[in-house]
Amino acid sequence: MAKELTKRSDNYSQWYNDLVVKAELAENSAVRGCMVIRPYGYAIWEKMQQELDRMFKETGHSNAYFPLFIPKSFLSREAEHVEGFAKECAVVTHYRLKNDGTGKGVVVDETAKLDEELIIRPTSETIIWNTYKNWIQSYRDLPILVNQWANVVRWEMRTRLFLRTTEFLWQEGHTAHATRDEALEETMKMLDVYTNFSERFMALPVYKGVKTENEKFAGAVDTYTIESLMQDGKALQGGTSHFLGQNFAKAFDVQYLSRDGRLEYVWATSWGVSTRLVGSLIMAHSDDHGLVLPPKLAPIQVVIIPIHKNEKQLTEITEKAMKIKKLLEAKGLTVKYDGSDTQKPGWKFAEYELKGVPVRLAIGPRDLENSTVETSRRDTLKKQVVPADGIDRYVKDLLKDIQQNIYNRALDFRNRNTFRANSWDEFRGVIERKGGFVYAHWDGDPETEARIKDETKATIRCIPFNMDQEEGTCIFSGKPSKRRVLFAVAY
RNA sequence: CGGAGAGUAGCGCAGCCCGGUAGCGUACCACGUUCGGGACGUGGGGGUCGCGGGUUCAAAUCCCGCCUCUCCGACCA
């Protein structure tokens, strides 16, 4: 019993913290609020990056890189933008240290003060639009479809591994277009990319919609979002896509000469997902035994464990296992053979379950005799002994089934925890007792939204797409409402 | 950033109130027996007691300051 996990039912957030550390995904560092992402956790992020990057390229985007530092004055060019981010910016004021005089340490050299302070990017709109100004003269220069993989810093008061850290990794797409429609189309296209990624790769169903004025990105005209549900009934924003209108073009004076010779401001979008996705992946699927990873994002998809009594058996089993490993790899699978003699099979079983490896194969003397393999699937923990012949096909199908099964499980959970409330009492009751998503009428007033948040902690996650128009009355104010919006307590 | 708790071997903890040569479990190393769900025996190594200062003959223990983590608030992806 080397690694005891807190049970989800005992303390969900302790379970999450334990799991992140014990599965060796990440740990806290010496710097407050900043995490060390360990190789196994980073491997998951790399898998996410790989798929997303492919999807971005397929939709015509290219990667580029902009500076970590942003001149302080840039931030204040767009009024809402500075308002939203000013409170959480790290600022570089000096560029040199000197000996502190005692010989034991260093202090800031006050003579090396920057003329203009630099902020560490909380997001890159400003530095990018300052650059785009130089890239864009005519409609022939448009569109610009750029993405960057980067780290950003937001000085958060309270942090949690992956979910909210002071520094985090993300991608930010920044596009420039000649027309409003084209920019809007881009905004929606990227929201669809995120939706596909979440549902097909993370096995995590989402609700899509537009953010309210209170919740939208600082500087955007509209923010679109995908929202998913964690096992504790709290919602999590998995990705956002912003229609920026001409806000940044105007702030940085980016105009282009149109086909008919007129100067027009450029239309913009930006969109991003972060390492927070790793946190949502953990919270959505995992159980009291450890991680449950969707096969498509698992760094190791299949682990093979030998069971032997002596050297001779191990040699025979290893030979057999390596053949199977090669077969599986030929099918494009990532396979690890753990023939190390330092741990017992039972220990290995528990360890790879903790790490969420989707499929485990065990091969022992009995299997050699009968030409079989014992298979175990992580999502249900069900074991089955199958013929070694055709194991590659079997495992391939099994992985597919696991991917589908954990999606179905998450979808079922999400659906069972999505409610409709028609009165304030009903709304409060659901939010406080059950959690989950609640569809309810809202009068459209930001003040009402704030009051609801004060009293229940629930926020409007989004105004969902494809909701039928439905006359009703606001659950809080009783004023008329034309449609329901989606509420939840969120991460 | 406010309130509460915590920091002692890789990990989990005791010792602190009442100052006197740092301990337990686990992990680690060696050997042997084991190996189909976190093995057992014997022997062994490992510590600036979060950091800095103070009190004292003597500080893990008492006092002051700081740092980090967890939980609750305010803020946020």
Side-chain angles (χ1 to χ4, degrees), chain A residues 1-6 11-14 16-18 21-22 24 27-35 84-89 104-105 122-123 152-172 194 211 214-218 223 225-228 235-242 271-280 289-290 305-311 313-314 317 339-354 360-370 372-376 381 383 385 453-454 457 459 461 490-491:
Chain A
M1 298 293 151
K3 294 180 174 177
E4 278 294 313
L5 261 189
T6 304
N11 185 339
Y12 188 84
S13 74
Q14 187 65 45
Y16 174 82
N17 294 337
D18 279 4
V21 171
K22 289 183 175 163
E24 297 177 343
E27 62 195 32
N28 282 303
S29 70
V31 185
R32 182 196 188 93
C34 295
M35 65 178 164
F85 286 106
K87 293 188 294 286
E88 50 190 49
C89 287
K104 285 187 199 156
T123 179
V152 288
V153 167
R154 295 181 187 175
W155 213 265
E156 300 292 347
M157 291 304 148
R158 207 170 151 192
T159 59
R160 289 190 73 192
L161 294 171
F162 288 116
L163 298 174
R164 178 166 291 108
T165 47
T166 299
E167 179 191 17
F168 58 94
L169 306 183
W170 78 346
Q171 58 68 216
E172 46 181 328
Y194 290 155
K211 287 288 189 187
N214 280 339
E215 297 278 333
K216 75 171 195 194
F217 174 73
T223 289
T225 179
I226 54 172
E227 300 281 331
S228 54
L236 186 142
Q237 176 179 308
T240 47
S241 184
H242 314 293
W271 27 273
V273 297
S274 73
T275 35
R276 190 180 220 209
L277 286 181
V278 179
S280 71
H289 298 274
I305 295 172
I307 294 159
H308 61 283
K309 293 199 198 304
N310 53 51
E311 268 317 295
Q313 273 181 358
L314 179 61
I317 292 165
S340 64
D341 204 19
T342 51
Q343 305 294 355
K344 303 288 147 278
W347 190 94
K348 293 177 186 172
F349 289 0
E351 183 66 13
Y352 290 107
E353 274 164 19
L354 178 65
R360 180 185 73 230
L361 304 180
I363 305 173
R366 267 200 319 262
D367 296 302
L368 285 188
E369 209 170 296
N370 307 329
T372 55
V373 178
E374 183 192 82
T375 65
S376 172
L381 296 170
K383 290 199 262 200
V385 176
K453 185 182 176 184
D454 283 347
K457 292 185 185 171
T459 51
R461 301 319 303 155
Y491 272 98

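Remember, it's a predicted structure, so these values are computed and weren't measured experimentally. In what follows, chains carry the letters A, B, and so on, assigned in the order in which the sequence lines appear, proteins first and then strands, with residues in each chain numbered from 1.
- Using a 4.0 Å cut-off between charged nitrogen and carboxylate oxygen, A:Glu227 and A:Lys211 count as a salt-bridge pair.
- For A:Trp347, the side-chain atoms get nearest to B:G38 when compared with the rest of B:A77, B:G38, B:C1.
- Under 4.0 angstrom from either OP1 or OP2 of B:C71 there lies at least one side-chain N or O belonging to A:Asn17.
- The closest side-chain donor-acceptor pair between A:Asp18 and A:Thr6 falls under 3.5 angstrom.
- Between A:Lys216 and A:His242 there is no side-chain heavy-atom pair separated by less than 4.5 Å.
- Between the C1' atoms of B:A4 and B:A74, the separation comes to 16 Å (whole Å).
- The existence of a salt bridge linking A:Glu374 and A:Arg366 is excluded, since no basic side-chain nitrogen approaches an acidic carboxylate oxygen closer than 4.0 Å.
- Applying the Watson-Crick and G-U wobble criteria (two distances, each under 3.5 Å), B:A6 pairs with B:U68.
- Of the nucleotides present, none pairs with B:A27 by Watson-Crick or G-U wobble criteria with both distances under 3.5 Å.
- Within 3.5 Å, a donor on the side chain of A:Lys383 pairs with an acceptor on the base of B:G37, or the reverse.
- Nearest nucleotide to the side chain of A:Ser13, out of B:C71, B:G38, B:A77: B:C71.
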Under-3.5 Å N/O pairs linking protein and nucleotides 33-35 of chain B:
unit_1 : atom_1 : unit_2   : atom_2 : d
B:C35  : O2'    : A:His308 : O      : 3.0
B:C35  : N1     : A:His308 : O      : 3.4
B:C35  : N4     : A:Lys309 : O      : 3.0

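- Listed nucleotides B:G37, B:A74, B:A77 differ in distance to A:Phe349; the shortest reach to its side chain belongs to B:G37.
- Within the structure, every side-chain polar atom (N or O) of A:Thr240 is placed at least 4.0 Å from both OP1 and OP2 of B:A77.
- A perpendicular orientation is assigned to the rings of A:Trp271 and A:Tyr194, their planes being inclined by more than 60° (bins at 30° and 60°).
- The phosphate of B:G36 (OP1 or OP2) has no side-chain N or O of A:Arg366 nearer than 4.0 angstrom.
- If A:Leu381 and A:Asn28 are placed on RNA chain B by their nearest nucleotide, the residue sitting closer to the 5' end is A:Leu381.
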